[in-house]
Student: 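This is the structure, below, for whatever I ask next.
Within every chain, numbering begins at 1; the chains are lettered A, B, ... in the order of the sequence lines, protein sequences first and strands thereafter. Note: hydrogens, waters and symmetry copies are ignored here, and every other heavy atom, side chains too, is used. If you're wondering where the values come from, they're calculated on a predicted model, not measured in any experiment.
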Number of protein chains: 2
Amino acid sequence: MSHPLSRRDRVRAATVQEIKQTARGLLVEQGPEALTLRAIAREMGMTAPALYRYFDSHEILVRQLVADIFGELTSALRAVADSAAQRPATSGSGSKGTVIIVAVCREFRRWALDHTAEYALLFGTPIRGRRDRLDEITDRPGRTFARVFFGLFTELWRHHQFAVPAPDEIDAGLRDQLERFRDDLSAGLPAIAELPVGAMLIFLRCWTRLYGAVTMEAFGHLKFALDDASAMFEYTLSEMTGWLGMTYPPRQSSAPAG
Amino acid sequence: MSHPLSRRDRVRAATVQEIKQTARGLLVEQGPEALTLRAIAREMGMTAPALYRYFDSHEILVRQLVADIFGELTSALRAVADSAAQRPATSGSGSKGTVIIVAVCREFRRWALDHTAEYALLFGTPIRGRRDRLDEITDRPGRTFARVFFGLFTELWRHHQFAVPAPDEIDAGLRDQLERFRDDLSAGLPAIAELPVGAMLIFLRCWTRLYGAVTMEAFGHLKFALDDASAMFEYTLSEMTGWLGMTYPPRQSSAPAG
DNA sequence: ATTCACGGTTTACGCCGTTCACTGGTAATA
DNA sequence: TATTACCAGTGAACGGCGTAAACCGTGAAT
């Protein structure tokens, strides 16, 4: 009661951390298929069954890794958002909200390309069968990740209400779902409840647009056409800022992305 | 020389076919991870090593399956395109070219949702490490698949030259790549060489847009917001037809997608 | 009639996730 | 302090995986 964590618990938590770090190393260096219990244990000078003291199964370990990575990505994006928010607006680069969103989207792409294995784990083909209850592990971090983009989006809306479809222009079934979605998200954030359903639609449009561009590039599915898609991504960005009622000049790519 | 296939070769080809069909059944019924040599052999009343008489490795079998599926998808799309081309234009549904493209995109989505396992194999996280030379197996079918969309696109352009970015508006590096891409595709199809680079950019924009929308939905990555994304997809379509200089009214979804 | 190639089997190797019985040391208890 | 209880870790084992090698029977070609 007095001490929330006993000494034992602390060393235990440290081991859990070490396991996940080892797993992470394997993931980034040898890809997702190298993420085996035996490899992790081997790397740590242990045997595979020992890991069962810390994780109930291989899948749960992977899911917790996914949750961690979601957290990292979330804070990386938040950091970029904060620094972009503090940087004074440069001339001709659109409103502050747009600048921030553009910076965050760029960071998202950069992160995806720098961490393709992790990106595949988070956003690629879903792990295993439909909607296990194991999703509980990754659901919350996934939602807080989504909230980064959504927070920026609502902030932008508060300062500059761009054009969105009127509610009666939206298919009734879709409208209901968008309202449910909005009410879902607005738990704890009353500002969201103010958003019109049309804005929710624009948000999803932006997100699918971004997802498509980044995923195609990260998975190499654009290689058949482009070696370096960074300039292409700038078009994606200006398109997205277009939805948001702002223009953002695609910057010329000075050098090919490393 | 006279007989291109001996009797032996024919029965052999039939067996190859049977193996792939069995594999396909396993894939659709139990997902990609059930696609094992032993399971396929078991299903056929054989032993796993026997399959090595027909395929050099598990991966090659999978790749050939992927190639087959690409072929199926391609002809499914072509069939829809043909039937849409023959159907008389209904009032207020835009130009014929747009109608066809919209029909093909809808079919692409429908196919993806009806064949999520196969879709994951074709368009999900890429199999194994970077750019093996095994890609040779899937490259050609992948390209002919792409050519379906690209053919419709060039056809549309021939009849109705929608607005595209001028060459000097496009980042130099991107322009070069787009030209290379166009010249790649125009081998055997001289009409393509006529396309401005801006059109290539629009094409890629459309394709990434479509890919993003369909992939997110097929992978369940939209579930956090929408149960049924069919109405949302109609917005995607009207957006795409917008790039193509045409408007297409999003049709109201009469019933939730099965 | 003999040879030979082919399609299949069995066996085996080294991976994998997972279970279980066991052990040594450490912490809490009597 | 002596004993107990726990707990991290081990080793062996099960079934499944891809794959390699040796082997074998049948049917076609010589």
Student: On a heavy-atom basis, which atom in A/S230 and which in A/E217 lie closest, and how many Å separate them?
Tutor: N-OE2, 4.3 Å

Student: I'd like to check the salt bridge (charged side-chain N to carboxylate O under 4.0 Å, His left out) partners of A/R205; sequence neighbours left out, ordered by chain and number.
Tutor: B/E239

Student: Of all nucleotides in DNA chain D with an atom under 4.0 Å from a non-hydrogen atom of chain B, which is the first and which the last going 5' to 3'?
Tutor: D/dC17 to D/dA28

Student: Filter on side-chain hydrogen bond (donor to acceptor under 3.5 Å, both in side chains), then keep only pairs touching residues 176-188 of chain B, sequence neighbours left out; what's left?
Tutor: none

Student: What one-letter contact string describes nucleotides 18-30 of chain C from 5' to 3', where B marks a base within less than 4.0 Å of any protein heavy atom, S marks contact via sugar-phosphate atoms alone, and - marks no contact?
Tutor: BBB------S---

Student: Report the relative orientation of the aromatic rings in B/F70 and B/F123; use parallel for angles under 30°, tilted for 30 to 60°, perpendicular for over 60°.
Tutor: perpendicular

Student: Round to the nearest Å and state the distance from A/E43 atom CD to C/dC16 atom P.
Tutor: 12 Å

Student: Is any side-chain N of the basic residue among B/R24 and B/E118 closer than 4.0 Å to the acidic one's carboxylate O?
Tutor: yes

Student: Taking atom P of C/dA5 as reference, at what distance in whole Å does atom CZ of B/R12 sit?
Tutor: 15 Å

Student: Rounded to whole Å, how long is the line connecting atom CG of B/D9 with atom P of C/dA5?
Tutor: 16 Å

Student: For residues 37-55 of chain B, which side-chain donor-acceptor pairs fall under 3.5 Å, sequence neighbours excluded?
Tutor:
none

Student: Angle between ring planes, A/F108 versus A/W207, binned at 30° and 60°: parallel, tilted or perpendicular?
Tutor: tilted

Student: Could you state the CG-C1' distance from A/L51 to C/dC16, rounded to the nearest angstrom?
Tutor: 13 Å

Student: Roughly, in whole Å, what's the span from CZ in B/R42 to C1' in C/dT9?
Tutor: 16 Å

Student: Let me know the distance between CD1 of A/I40 and C1' of C/dG17, rounded to the nearest Å.
Tutor: 12 Å

Student: Report which part of the nucleic acid B/T47 touches: base, sugar-phosphate, or nothing (heavy-atom distance under 4.0 Å, all strands).
Tutor: base

Student: Just jot down the side chain to side chain contact (heavy atoms under 4.5 Å, CB included) partners of B/R10, sequence neighbours excluded, or say none.
Tutor: B/L5, B/R7

